[in-house]
Amino acid sequence: MPELPEVETIARGLARRVTGDVIESVWLGEKTDLLKSPAALIATTLESRRIASVRRMGKHIVFDLESESQGRRAKKTKAADPSKAQWIVHLGMTGRLQVCEPQEEVARHTHAILKLASGKDLRFVDPRRFGRLSVATAADFDAGGVEPLEVELDPFVSLFRGRKTPIKSALLNQKLLRGVGNIYADESLFRSGLRPRRRANSITREQLGKLFVAIKEVLREAIALGGSSISDYVDDDGKEGFFQLQHRVYGREGERCLVCKTPIKRIVIGGRSSHFCPKCQK
DNA sequence: ACTATTTCCTGGATGC
DNA sequence: TGCATCCAGGAAATAG
């Protein structure tokens, strides 16, 4: 369940391992439902490109690519540069990006293998196929929404103006805020004392201010934990690498609230299970 | 323009 | 033990 902090951790680890490497060839598997761009376009866009950087946008991992010959030229103009492109990976639920030796056995549910000039493989493995692969060429990839760690208070508050949807659903809406998933939504709502079913437009500016702080806190703490456990997660099975943030409500249905000892409740909102303390959250 | 619901997919957990 | 069923999750598609 990679959300913003996990994706950030993974992107940083990948950046360490593959920045500067060149993609020599691309193999894509039979299952094309996880390709958001045509397979042939993905392959031709990636091949012979140098990985200039790897970064996170929302829950997406963006590989910035440049043509090999353009490698380390002096400044270029800002206009759309055909030598540039991006490979965009969404891990979905169970997606993993694995950097390994080519002789390593190809795991079940491997959908893409990139052969790198360094001799390593970069593989995309995803049993459940909720992940998505695409490329952007003409323009920069637009992930929609604002980055929760970058947005300022005023634009954050205005995201919810006039929205009758439950605050929980609004937090999960990637077109508003990108990167927050089910776990960190529940944790942020607990920390700010808001019930997940509260209508977004019924929340005062002051309360939204608390939520604003809580989201940033929770994400930063989780990234800090991920960053300290980053070692070799890419080679492992993805879940092992993360120190779990101590969840205060998520997955704790029936257990006692850490603040007031009231049993944590679980309800379903928009098909997502939502955990909260009925006493601490209003 | 917005909101709610359904769909996709597999493996692990649970129930009988 | 075996088999069926349910559930997890993000986002796109569908329906209202």
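Here is how names work: the chains are called A, B, and so on, in the same order as the sequence lines, proteins then strands, and each is numbered from 1.
Comparing A/Asn173 and A/Arg108 along DNA chain B, the residue whose closest nucleotide (by nearest heavy atom) sits nearer the 5' end is A/Asn173. Take the nearest nucleotide of DNA chain B for A/Lys164 and for A/Arg272: the residue whose nucleotide is more 5' is A/Lys164.
Side-chain contact between A/Lys265 and A/Cys277 is absent, with no heavy atoms from C-beta onward closer than 4.5 Å.
Aromatic ring pairs are classed by plane angle as parallel below 30°, tilted from 30° to 60° and perpendicular above 60°; the pair A/Phe160 and A/Phe156 is perpendicular.
At a threshold of 4.0 angstrom between heavy atoms, the contacts of A/Gly131 with the nucleic acid are absent. Within 4.0 Å (heavy atoms only), A/Arg197 reaches no atom of the nucleic acid at all. Nucleic acid contact class of A/Arg163 (heavy atoms, under 4.0 Å, all strands): sugar-phosphate only.
Rounded to a whole Å, the CG atom of A/Leu4 is 11 Å from the P atom of C/dA11. As rounded to whole Å, 18 Å separates atom C1' of B/dT6 from atom CD1 of A/Ile269. Between the CG atom of A/Asp126 and the C1' atom of B/dT10 there is a distance of 10 Å, rounded to whole Å.
With no hydrogens or angles considered, a side-chain donor-acceptor pair links A/His275 and A/Asp186 at under 3.5 Å. Using a 3.5 Å distance cut-off with no hydrogens or angles, the side chains of A/Lys115 and A/Ser25 do not pair a donor with an acceptor.
In terms of polar N and O atoms assigned as donor or acceptor, the side chain of A/Arg128 comes within less than 3.5 Å of the base of C/dA8 in a complementary pairing.
Regarding contacts with the backbone of C/dG10, every side-chain N or O of A/His60 stays at 4.0 angstrom or more from both OP1 and OP2.
A distance cut-off of 5.5 Å between ring centres, combined with a plane angle under 30°, places A/Phe130 in a stacking arrangement with the base of C/dG10.
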